[in-house]
Amino acid sequence: MSPDGAEAIAPAAARQAMDRERFLTFALAAAELLVEATSEGRICFAAGAFQSRLGQAPEAWIGRPVRELVALADRAAFDASFNLLIARDRMAPTGFRLNDAASTPVSIGGLRRPQHERHDICLSIAATPQWAAPPALADAEEFRHSLETDGKAGQLGLIEVTAARPEAAAVIDGHLTEVLAPSSRVGTLSPGRYGVFGQGVDAGAVGRRLEDLLQEAGHAASVNVTSLPLEAPGLTPMQATRALRYALSAFNRGGVAAVVEAGFDKGLNGFVAHAYARAAGLRKAIAESRFRLAFQPIVVLSTGETHHCEALIRPEPGGEAPQDPQQFVLLAEALGLSADLDWAVLRSVCAAARRVRNTRIAANISGQSLESASFRGALLAMLDTEPLLVERLMLEITETAEIENEAEAARSVAALRARGLPLCIDDFGAGSASFRYLRLLRVDYVKIDGIYVQHAKRSEKDRAIIASMVDLAHGLDAKVVAEHIETEEEAGLMRTLGVEYGQGWHFGRPGPLPGR
């Protein structure tokens with residue numbers, strides 16, 4: 001290269017460096033933290049007050065999930081906003097809490113640079129000192145999601161508090177975060193039941209400290225604690241995830257005693273061994289359809305008329321299979337029997353659909369069934385033999401996060417839609433996978449996860465997220481269902497946000513199929 005060429009390049013590089021420094025100077029004048037991330041949510045550039053705010057230099061955050069910048073209680077909402085940013089190229093400044101000891105309120109805004117293939121998400125994070133809030137406990141769904149994504153090691157502590165007066169909950173909520181290390185995660189799983197996890201978490205010590213705090217506040221209470229090692233040698237990540245779901249479900253249903261009864265006192269591997277001992281009984285219950293169906297209406301929000309009904313499983317008493325519907329389904333997942341259960345439920349739904357007119361019934365099928373070529377073949381053969389079912393069925397796709405063979409899942413969706421069978425993605429927004437699958441699996445409906453509906457009345461952030469989800473779904477020619485609607489106020493709010501259909505106790509609890 002000629003000397004003249006070298007001289008030309010050097011000033012250009014210098015100008016680029018100066019331009020970047022000038023940009024950072026102006027940007028940091030309005031924000032404390034600047035981040036660039038990949039579309040997969042990994043930080044590739046960080047600048048600003050990371051050391052003072054988060055206790056680590058910016059370089060320490062390179063390669064880490066960007067969601068870890070946000071407090072645990074806000075991560076589900078951040079995931080939804082981040083994935084909407086990818087879909088819509090912009091995130092308007094939105095309020096979250098930082099993942100620091102004070103849960104500092106911050107405003108996060110973002111843009112996508114479409115000319116970049118991977119390092120294309122730019123986020124600016126600015127403190128909003130107008131209000132202060134104590135560290136918040138994550139709710140059950142947020143805690144479960146964080147546990148599944150971040151809880152690869154350490155201990156899961158489950159704390160059950162039985163108190164004579166309901167005011168004791170305020171004491172726990174106000175002090176539980178104080179007795180844990182800043183890196184620990186804590187959530188409210190159900191009234192009086194809490195979960196904590198992280199490296200070095202001593203659930204027993206936490207329980208004893210809570211007992212002391214409750215006594216000091218004048219509350220008569222007992223605290224029962226158990227710990228579950230999160231390491232699971234010999235289990236696949238999917239098996240470990242399903243085992244954890246079952247543990248949390250058992251704890252919510254029956255507290256520490258139910259967790260021990262399920263075999264978790266011997267760890268995740270102990271549960272799997274215990275569960276496989278029950279596999280024959282569960283397999284028999286599925287094969288013999290030892291369950292009934294309850295049907296919950298989904299209504300048109302503008303008129304209140306029933307649009308279709310969702311079929312919900314209700315296990316029959318007796319036998320070795322769990323009686324609780326969620327436990328029944330989760331155990332089937334843990335044992336790899338989801339496709340068997342889906343087919344048994346679908347047969348029962350078809351039997352009901354044959355006996356009614358003018359009522360479409362939605363049956364749930366898991367992502368595992370959707371990617372199964374044999375399941376697809378059997379379903380298509382049934383529809384081809386009995387075309388009338390296409391007019392009376394709908395399929396709700398659950399567990400989209402567990403789809404491993406995307407090509408097979410897309411093939412199933414294309415074949416079903418070609419026959420005119422309506423499809424719906426369930427729990428939309430519950431995880432980042434649902435946004436990706438909305439584009440991959442072209443469906444007719446999306447059902448917004450109920451956590452956003454429940455929070456929307458008091459949270460402007462959740463209302464904005466729902467509105468963005470609605471716009472995204474409509475842009476892909478899908479209509480929107482909102483679940484967990486319990487009041488007319490919530491129904492009216494969903495209408496104003498553009499949601500077409502609603503489901504929840506406000507419109508009817510699960511029961512007999514209308515028209516039977």
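Note that the structure is a prediction, hence the values are computed from the model and not measured.
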query: Can you list the steps and then say if Thr306 with Phe507 is a side chain to side chain contact (heavy atoms under 4.5 Å, CB included)?
result: CA-CA 9 Å; Thr306 297; Phe507 306 111; over 6 Å; no

Asp449 side chain vs Gly429 backbone, donor-acceptor pair below 3.5 Å: no

Would you please test Met494 and Ile466 for side chain to side chain contact (heavy atoms under 4.5 Å, CB included) and show each step? CA-CA 9 Å; Met494 293 302 108; Ile466 291 175; 3.9 Å; yes

One should read off an interatomic distance between Asp74 CG and Leu69 CG, to the nearest 0.5 angstrom, of 12.5 Å

Hits for ring pair (Phe, Tyr, Trp, His ring centres under 6.0 Å) against Phe271, two or more places apart or cross-chain, chain-then-number order -> Tyr246, Phe264

One should read off an interatomic distance between Phe82 CZ and Glu40 CD, to the nearest 0.5 angstrom, of 8.5 Å

Tell me whether the count of non-hydrogen atoms from other residues, nucleotides or ligands lying under 6.0 Å of NZ in Lys479 goes above 12.
no

Problem set entry | Heavy-atom side-chain proximity of Leu438 to Leu476 below 4.5 angstrom | yes

Exercise for review: Report yes if some heavy atom in the side chain of Gln327 is under 4.5 Å from a heavy atom in the side chain of Leu331; otherwise report no.
Suggested key: no

Between the CZ atom in Arg67 and the CD1 atom in Ile43, the distance rounded to the nearest 0.5 Å is 12.0 Å

How are the rings of Tyr445 and His308 set to each other: parallel, tilted or perpendicular (split at 30° and 60°)?
tilted

Does the Arg193 side chain pair with the main chain of Asn252, one donor and one acceptor, at a distance under 3.5 Å? yes

| said: Can you tell me if Arg64 has over 12 outside heavy atoms packed within less than 6.0 Å of its CZ? | reply: yes

Open item on the list: Apply side chain to side chain contact (heavy atoms under 4.5 Å, CB included) to residues Leu389 and Met382 and explain how you reach the verdict.
Closed with: CA-CA 9 Å; Leu389 290 175; Met382 182 178 67; 4.1 Å; yes

Please determine whether the number of non-hydrogen atoms from other residues, nucleotides or ligands lying under 6.0 Å from atom CD of Glu261 exceeds 12. no

CA sep, side-chain torsions, deciding dist, call: Leu85, Leu123, side chain to side chain contact (heavy atoms under 4.5 Å, CB included): CA-CA 10 Å; Leu85 186 162; Leu123 299 174; 3.9 Å; yes

key: Ala92 backbone acceptor or donor facing Thr94 side chain under 3.5 Å   = yes

### Task
Would you please say whether a donor-acceptor pair under 3.5 Å links the side chains of Glu310 and Asn364?
yes

* Asked: Ignoring hydrogens and geometry, is there a side-chain-to-backbone donor-acceptor pair from Glu333 to Ser338 under 3.5 Å?
  -> no

Query raised in the report: Would you find a donor on one side and an acceptor on the other, under 3.5 Å apart, between the side chain of Glu486 and the backbone of Trp505?
Result: no

For residues Phe96 and Lys461, determine if any side-chain heavy atom of one lies less than 4.5 Å from a side-chain heavy atom of the other.
yes

So CZ of Phe197 and CG of Leu147: to nearest 0.5 Å the spacing works out to 5.0 Å

Quiz item: So, Glu396 side chain and Asp426 main chain: donor-acceptor pair closer than 3.5 Å or not?
Solution: no

Review point. Would you find a donor on one side and an acceptor on the other, under 3.5 Å apart, between the side chain of Gln296 and the backbone of Gly508?
Key: yes

In terms of heavy-atom contacts, Leu228 and Ala247 come closest through CD2-CB, 4.2 Å

Between Arg42 and Pro65, the two heavy atoms sitting closest are NH1-CD, 3.3 Å

- With the side chain counted from C-beta on, respond yes when Val256 and Val259 share a heavy-atom pair under 4.5 Å apart, and no when they do not. no

Heavy-atom closest pair (Val453 atom, Ala482 atom, distance to 0.1 Å) is CG2-CB, 3.9 Å

### Message
Quick one, Val106 and Val70 - any side-chain contact, counting heavy atoms below 4.5 Å?
### Response
no

- prompt: Are more than 12 heavy atoms from other residues, nucleotides or ligands located less than 6.0 Å from atom CD of Glu386?
  reply: yes

Would you call Glu488 and Arg495 a salt bridge, using N to O less than 4.0 angstrom?
-> yes

Taking the side chain from Arg314 and the backbone from Ala294, do they hold a donor-acceptor pair closer than 3.5 Å?
-> no

Practice problem: Check whether any side-chain heavy atom of Glu483 sits under 4.5 Å from a side-chain heavy atom of Asp427, and report yes or no. | Solution: yes

Residues Phe295 and Pro512: closest non-hydrogen pair is CD1-C, 4.1 Å

Closest heavy-atom pair, Arg253 versus Ala258, reported as atoms and distance to 0.1 Å, is NH2-CB, 3.9 Å

Hits for salt bridge (Lys or Arg N to Asp or Glu O under 4.0 Å) against Asp342, two or more places apart or cross-chain, chain-then-number order -> none

In this structure, CG of Leu335 is separated from CG of Leu282 (nearest 0.5 Å) by 6.0 Å

Next item on the list: Check for a donor-acceptor pair, side chain of Arg463 on one end and backbone N or O of Ala456 on the other, with a separation under 3.5 Å.
Entry: yes

So CZ of Arg75 and CZ of Phe143: to nearest 0.5 Å the spacing works out to 11.5 Å

For Leu393 and Ala353, the nearest pair of non-hydrogen atoms, with its separation, is CD2-CB, 4.2 Å

(Q) Counting C-beta onward and ignoring hydrogens, is there a side-chain heavy-atom pair between Gln503 and Lys447 closer than 4.5 Å? (A) yes

Q. Considering only heavy atoms from C-beta outward, does the side chain of Leu293 approach that of Ile361 to under 4.5 Å?
A. no

TODO: Kindly say whether Pro105 contributes a backbone atom to a donor-acceptor pair with the side chain of Arg97 at under 3.5 angstrom?
DONE: no

Distance-only donor-acceptor pairs under 3.5 Å for side chains of residues 407-419, two or more places apart:
{"unit_1": "Glu408", "atom_1": "OE1", "unit_2": "Arg376", "atom_2": "NH1", "d": "2.9"}
{"unit_1": "Glu408", "atom_1": "OE1", "unit_2": "Arg376", "atom_2": "NH2", "d": "2.9"}
{"unit_1": "Glu408", "atom_1": "OE1", "unit_2": "Arg411", "atom_2": "NH1", "d": "3.4"}
{"unit_1": "Glu408", "atom_1": "OE2", "unit_2": "Arg411", "atom_2": "NH1", "d": "2.5"}
{"unit_1": "Ser412", "atom_1": "OG", "unit_2": "Leu370", "atom_2": "O", "d": "2.6"}
{"unit_1": "Ser412", "atom_1": "OG", "unit_2": "Arg376", "atom_2": "NH1", "d": "3.1"}
{"unit_1": "Ser412", "atom_1": "OG", "unit_2": "Glu408", "atom_2": "O", "d": "3.2"}
{"unit_1": "Arg417", "atom_1": "NE", "unit_2": "Arg442", "atom_2": "O", "d": "3.0"}
{"unit_1": "Arg417", "atom_1": "NH1", "unit_2": "Arg442", "atom_2": "O", "d": "3.3"}
{"unit_1": "Arg417", "atom_1": "NH2", "unit_2": "Asp444", "atom_2": "OD1", "d": "3.0"}
{"unit_1": "Arg419", "atom_1": "NE", "unit_2": "Asp384", "atom_2": "OD1", "d": "2.9"}
{"unit_1": "Arg419", "atom_1": "NH1", "unit_2": "Ala415", "atom_2": "O", "d": "3.2"}
{"unit_1": "Arg419", "atom_1": "NH2", "unit_2": "Asp384", "atom_2": "OD2", "d": "3.2"}

